[in-house]
Amino acid sequence: MVEAFAVASGKGGTGKTTTTMALGMALAEEYDVTVIDADTGMANVLFHAGLADVETTLHDVLAGKASVEAAAYDRFGMTVVPCGTSLSGFQEADPERLRDVVATLAAETDIILLDSPATLGSRSAVLPIVLADRLIVVVQPTIPSLSDALKVQEYATTYGTGVAGVLFNRVTDDAAIEEIAPKAERYFDGETLSTIEESETVRAARRAGEPLLVHAPDSPAAEAYRQAAASLSVQAQDAGTVADRFRSAVIPDDP
């Protein structure tokens with residue numbers, strides 16, 4: 001039984017990778033979790049997971065040079081599939097192969113978290129959102145961030161991808177949350193999972209190249225991510241059915 005979530009936003013800088021790793025570690029206390037860095041152009045998971053020096057990444061798999069198993073690493077109680085950062089690796093990667101990657105991994109896990117690109121500007125960017133069962137939308141409490149995230153939701157629902165919830169991240173103004181959260185609840189399909197304040201602890205974890213729940217497991221931000229994970233309802237499906245759906249998924253044209 002498995003469910004695939006795309007961790008997505010409408011703009012960069014919202015903290016998607018921090019969120020993906022934190023939710024993954026929190027969910028791994030109960031589930032078998034696999035994190036895939038599906039942002040093939042601006043990969044960050046390898047830095048957060050301490051995998052910057054590995055030889056085999058998702059780029060190699062998408063280029064047909066390596067198996068999925070060769071690019072999967074055991075980290076922090078999860079299976080992590082990082083993506084490379086080289087331009088040549090990105091150019092050689094075939095995003096359509098992501099369907100088979102996810103289908104293969106679906107047989108070995110309970111939850112797949114796809115760390116997705118921030119925009120909808122290309123086929124490789126929209127593919128994780130189309131493939132996922134549901135979105136976890138990461139936004140900052142500003143009207144422009146909400147507006148961009150709503151575009152992601154609209155695109156996702158066009159292809160049958162639901163919304164599991166909204167997570168407000170990098171919050172610096174509680175008053176802004178009080179004003180904007182009710183708007184989000186009206187316009188987004190999912191519930192508000194949690195609110196994570198911007199903090200030096202989160203920034204220090206990023207600088208250290210460690211997941212927040214490793215760097216500062218008792219911090220308020222870490223606890224907020226655990227609350228988000230606890231609020232997330234997992235709607236697992238038969239792994240074989242999910243794998244077949246991924247392999248037969250229609251690749252959308254560039255937006």
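Heavy atoms only: backbone and side chains are in, while hydrogens, waters and symmetry mates are out. Because the structure is predicted, anything quoted here is derived from the model rather than measured.
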(message) According to side-chain hydrogen bond (donor to acceptor under 3.5 Å, both in side chains), does anything in residues 42-58 pair up with another residue at least two apart or in another chain? List the pairs.
(response)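 Checked against side-chain hydrogen bond (donor to acceptor under 3.5 Å, both in side chains) - neighbours excluded - no pair reaches residues 42-58.
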(request) Run the numbers on L114 and T20 for side-chain contact (heavy atoms from CB on, under 4.5 Å), then give the verdict. (result) CA-CA 8 Å; L114 297 159; T20 301; over 6 Å; no
Would you please name every residue forming a side-chain contact (heavy atoms from CB on, under 4.5 Å) with [X], sequence neighbours left out?
X    : answer
S67  : E69, A70
A204 : E200, R207, H215
A221 : I196, V202, L212, S219
D32  : T109, D110

Could you check whether any side-chain heavy atom of [X] comes within less than 4.5 Å of a side-chain heavy atom of [Y], counting everything from C-beta outward?
X    : Y    : answer
M21  : V214 : no
F76  : V33  : no
L113 : T34  : no
L51  : R75  : yes
M42  : C83  : no
T40  : L62  : yes
Y225 : T18  : yes
L167 : T19  : yes

Who passes side-chain hydrogen bond (donor to acceptor under 3.5 Å, both in side chains) against [X], sequence neighbours left out?
X    : answer
E191 : none
D39  : none
E30  : none
T17  : D115

(request) May I have the step-by-step check of side-chain contact (heavy atoms from CB on, under 4.5 Å) for F5 and I112, ending in yes or no? (result) CA-CA 6 Å; F5 296 93; I112 293 173; over 6 Å; no
(request) Identify whether the distance between the nearest side-chain nitrogen and carboxylate oxygen of D148 and K151 falls below 4.0 Å. (result)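 A salt bridge is present here (some side-chain N lies under 4.0 Å from a carboxylate O).
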Counting distance only, does the side-chain N/O of [X] pair as donor-acceptor with the main-chain N or O of [Y] below 3.5 Å?
X    : Y    : answer
R170 : T14  : no
T157 : Q153 : yes
K16  : S116 : yes
S194 : A224 : yes

(request) Could you tell me which residues satisfy salt bridge (charged side-chain N to carboxylate O under 4.0 Å, His left out) with E92, sequence neighbours excluded, listed by chain and number? (result)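 So E92 forms a salt bridge (charged side-chain N to carboxylate O under 4.0 Å, His left out) with K65.
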(request) Return the set of residues passing salt bridge (charged side-chain N to carboxylate O under 4.0 Å, His left out) with D94 (not counting sequence neighbours), or none when no residue passes. (result)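 Once residues adjacent in sequence are excluded, D94 has no partner under the salt bridge (charged side-chain N to carboxylate O under 4.0 Å, His left out) criterion.
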In this structure, would [X] and [Y] fall into the same cluster of hydrophobic residues linked by side-chain contacts under 4.5 Å?
X    : Y    : result
L150 : I136 : no
V138 : V152 : no
V81  : V102 : yes
F47  : M25  : yes
L58  : V35  : no

Review item, side-chain donor-acceptor pairs of residues 125-134, under 3.5 Å, at least two apart:
| unit_1 | atom_1 | unit_2 | atom_2 | d |
| --- | --- | --- | --- | --- |
| D133 | OD1 | Q237 | NE2 | 3.0 |
| D133 | OD1 | R245 | NH2 | 2.4 |
| D133 | OD2 | A4 | N | 2.7 |
| R134 | NE | E3 | OE2 | 2.7 |
| R134 | NH2 | E3 | OE1 | 3.2 |
| R134 | NH2 | E3 | OE2 | 3.2 |
| R134 | NH2 | S233 | O | 2.3 |

Looking only at non-hydrogen atoms, find the nearest pair between [X] and [Y] and report the distance.
X    : Y    : result
Y73  : V54  : OH-CB, 3.5 Å
L193 : A164 : CD2-O, 4.2 Å
A26  : L213 : N-CD2, 4.0 Å
A43  : T85  : O-CG2, 4.0 Å
M78  : G24  : SD-C, 3.2 Å
V137 : F188 : CG1-CE2, 4.1 Å

If I take atom [atom1] from residue [X] and atom [atom2] from residue [Y], how far apart are they, to the nearest 0.5 angstrom?
X    : Y    : atom1 : atom2 : result
R206 : T201 : CZ    : OG1   : 11.0 Å
L105 : T79  : CG    : OG1   : 7.5 Å
T192 : F168 : OG1   : CZ    : 5.0 Å

